[in-house]
Every structure is written in C-alpha cells, then in structure tokens.
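One structure below.
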Amino acid sequence: MLSLTSCLNLLKPRHDFVAYSSAPGPDYAQDSLWAALPTRLDSADLVPKNSGLHDEQATAAADVFFIHPTTYYWRKAWNADLSKEKLNRYTDKSTIRHQASAFNAAGRIYAPRYRQATLYSFFDEETTNGQAALDLAYADVRTAFQYYLAHYNQGRPIIIAGHSQGTAHATRLLHEFFDNDRKLRRQLVAAYLIGFKVKPNEYQTISPCADSLATGCFITYNTVATGNDYAPFRPFAVTNPLTWTLDTLLAPAALNRGGVSQDFKRIDPQVTDAKVHQGLLWITPPKPGGYPRFLLPGRPELRHSFHIADYGLFYMNIRENAKARVRAWQRINR
C-alpha cells in the first residue's frame, strides 16, 4: 500500500500552490479560449464513424454549456497552462469528441478552455493546495459562463453538462447562477452532472430528474462494476441512464441504445445494463473493448470504476435523452 501511495505522489506538484505564478485569466472574447463553439468546426461537431448520426447544431433550439473533465495530470504546476497546444489538442481529441459531441443533436455546444486543476488536486487530503487549484479553475469556468450569457445565449434554453472535474465546476455553477435566480432557472433544460458527487438535496430549488422528460432538474451517476460498494458514495444521488429514473430496478441491456468506445469508430448496441445501488451505478462490464476502467496508481479501490467510460457506455441514450428534454422544455414554454 505504501508503494501504491508513492506512485500517486508522482503526480503531486513539487511546491505549494502559492509558489506558482498563475497565468492571467483567459479572455473568452478570443475564440481560441473555447474548445468548442457552434460557429466553427471542432471536435464537438463529430459523430462516430458509419453511425448515420449528424451534427445538428445549426438548427438546434437550445444551447449546451459543456465543462470538460481533467485532462491535465502533471506535476509541473497545480493548474494547466492554456497556451500548451499539446494539452489543448488532447482535450479536444478525447473529452470534447467523446463526451461533448453526445449533445450536438440537442444544442449548440459551448465548451470553454480553463486552467483546470491537475488530477492530484482531488487526492490532496493533507493541504489546501488542491482546493486552491480547483477554486482557480472554477473562477475561469464562472468567467466563461458569464461571457456566454452576455454574448451568446440570447435567452435560449440551456443544458449544463460536465464530467468529473467538469461536473464539480458545473455543480458550483448551478449553485451560483441558477438555484436562486428564477429567470435563469426557467431557461434550464437539465444539468448532466456526471462522474462526480452530487447530493439528492444539493440545491434548494433544483432536484434530481424523476423521469426522462423532466426539465429544470439534474442527472448524475458514477459507474462501477456490479457487486462493488464504496461507502463514501452512499449519500449521493444516482440516475439510471437507461430509464432516467431514480429507482433501484435493474434496467436490462436491451434498453441501452448504444455505447461508443474510446476510438470513436463504432456504436455498440446493448453494451451493458444498469442498476442504481447505494450511491453508485452498477453495470455488467462490457464485452467489447474500448470502455476502460479507472486504473490509478495508489488508488486500488478505483479498479472497479468505469469512470472514464461514464459517457461512452450510455452515449446514445444521453444523445437521445438530451434532444427529448429540449422538446419537452419547448412544449412547457410555448
């Protein structure tokens, strides 16, 4: 165990957060500070090969504000440098393509680049460095959302979506901008808060979605192999992405409209089932390749997690559900 902990420490920045000079905050008037914009070609426009799917942003009635997960794993600083093109390309090729694209049939996608906290920030249990890095990252997301509201939204319905670190920031964003703002809350189609911890009573006015067409609510889950438990997650909300309900009934794989593997080259129908269990989403490990487990040195308890594939395993269900919720929002708000 000491050896595994040492492996995790290889990801720890050498100095405290205050020892690093952060680059100036991003100017979101620059298109280059967005990983995705509906006015240009980018990875959020893509669909899996030979899928018959199409990017529908040009005619979409809603907007999607997507916050990407951690793609910066290194120890050179607590926060990523947005001038690093190699990191930006990796973000675009991985999470923007694999996750944000699931929403390109439902809305116009806006995905900011931000000075994301390095992965170790989530495992820093002894200092305030990790939280300081996450706070800096959230400050960028907050600024990007303010810019989006002022320059892009124009009163359109909004989907908030994220994964992992992106969901941590999205959860804060809903607290600050939606929970106590009735006008903005009326624009909320739904929030897809996937791959992080969200309490059932997280908000005063925003609840977990009760069914597939509920609006103004949130969806959340963390995927693990069936039969595994993790006590720290028991208090948290879980949505079954095959039924879009909160009950604990097993949803069979027949309801899975199709997963999309990491290579983004195919759709795998009925790739897995899903069942809500004590704060986690249980699944049968998929037989096709391309849906990796979360193997992190120093954290053996995560070896049963399919965190990396939270979106991929239910890609088609998410895609169809987002579009259906937009239609439901339109019916309510005619």
Side-chain angles (χ1 to χ4, degrees), residues 26 28 31-49 51 53-72 80 82 87-114 116 137 140-141 144-145 147-148 152-153 156-171 173 189-196 218-221 241 258-265 267 307-323 325-326:
Y28 288 106
D31 285 2
S32 62
L33 270 299
W34 295 86
L37 286 171
T39 53
R40 63 148 200 252
L41 294 175
D42 52 52
S43 294
D45 306 339
L46 301 177
V47 296
K49 290 184 178 179
S51 65
L53 302 176
H54 303 283
D55 173 27
E56 300 178 39
Q57 292 181 75
T59 57
D63 290 346
V64 178
F65 189 83
F66 180 84
I67 311 168
H68 71 75
T70 307
T71 55
Y72 175 61
L82 296 181
L87 174 61
N88 292 340
R89 287 195 299 271
Y90 175 67
T91 300
D92 297 350
K93 187 177 181 180
S94 57
T95 64
I96 301 301
R97 182 177 71 162
H98 298 155
Q99 298 176 345
S101 69
F103 297 99
N104 67 26
R108 305 185 305 187
I109 300 172
Y110 297 86
R113 303 197 189 282
Y114 63 98
Q116 58 179 292
D140 285 358
V141 171
F145 189 66
Y147 188 90
Y148 156 77
Y152 294 135
N153 175 252
R156 290 160 58 90
I158 304 169
I159 291 173
I160 300 292
H163 183 247
S164 197
Q165 179 171 168
T167 286
H169 301 317
T171 302
L173 204 69
V189 175
Y192 290 78
L193 305 179
I194 297 172
F196 204 69
F218 70 86
I219 297 103
T220 185
Y221 61 84
V260 174
S261 63
Q262 288 292 97
D263 63 11
F264 209 66
K265 291 182 178 179
I267 293 176
H307 180 71
I308 297 169
D310 278 333
Y311 269 81
L313 287 163
F314 307 102
Y315 185 95
M316 288 301 298
N317 291 72
I318 293 170
R319 184 181 183 88
E320 294 176 4
N321 180 252
K323 196 169 182 178
R325 286 191 201 271
V326 171

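Residues: numbered from 1 along the sequence shown.
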Do Tyr28 and Tyr114 have side-chain heavy atoms sitting under 4.5 Å apart? yes
Would you say that His68 contacts Ile96 through its side chain, given a criterion of any heavy-atom pair below 4.5 Å between the two side chains? yes
Residue pair Ala170 / Ile160: nearest heavy atoms and the distance that separates them: CB-CG2, 3.9 Å
To check you understand the geometry: which heavy-atom pair defines the closest contact between Ala100 and Ala44, and what is its length? CB-CB, 4.3 Å
Heavy-atom closest pair (Asn317 atom, Gly258 atom, distance to 0.1 Å) is OD1-N, 4.0 Å
Which pair of non-hydrogen atoms, one from Pro112 and one from Phe66, has the smallest distance, and what is that distance? CD-O, 3.3 Å
In the structure I gave you, are the side-chain heavy atoms of Thr171 and Thr220 within less than 4.5 Å of one another anywhere? no
Shortest non-hydrogen contact from Gly195 toward Asp310: CA-OD2, 3.4 Å
Listed by chain and number, what are the ring-ring contact (aromatic ring centres under 6.0 Å, His included) partners of Tyr110, not counting sequence neighbours? Tyr148, Tyr152
List the atom of Pro69, the atom of Gln116, and the distance in Å for their closest heavy-atom pair. O-OE1, 4.0 Å
Considering residues at least two apart in sequence or located in another chain, which fulfil the ring-ring contact (aromatic ring centres under 6.0 Å, His included) criterion with His163? His307, Tyr311
Please list, chain by chain and in numerical order, all residues satisfying side chain to side chain contact (heavy atoms under 4.5 Å, CB included) with Ser101, sequence neighbours excluded. Asn104, Phe264, Tyr315
Ile67 CD1 to Asp140 CG distance, which is reported to the nearest 0.5 Å: 11.5 Å
Say you draw a straight line from CZ of Arg89 to OG of Ser43; how long is it, rounded to the nearest 0.5 Å? 11.5 Å
Side chains of Leu53 and Arg319: does their closest heavy-atom pair fall under 4.5 Å? yes
Distance in Å, Trp34 CH2 paired with Asp42 CG, rounded so as to fall on 0.5 Å steps: 12.0 Å
Give me the ring orientation class for Phe314 and Tyr221: parallel if the planes are under 30° apart, tilted from 30 to 60°, perpendicular past 60°. perpendicular
Spacing of Asp55 atom CG and Leu46 atom CG [to the nearest 0.5 Å]: 8.5 Å
Any donor-acceptor N/O pair, Arg113 side chain to Pro26 backbone, under 3.5 Å: no
Has Asn88 got a side-chain atom pairing as donor or acceptor with Leu82's backbone, closer than 3.5 angstrom? yes
Find the distance between OH (Tyr72) and OG1 (Thr91) and round it off to the nearest 0.5 Å. 12.0 Å
With no hydrogens and no angle check, is any side-chain donor or acceptor of Arg108 less than 3.5 Å from a backbone partner on Asp63? no
Spacing of Asn321 atom CG and Ile318 atom CD1 [to the nearest 0.5 Å]: 8.5 Å
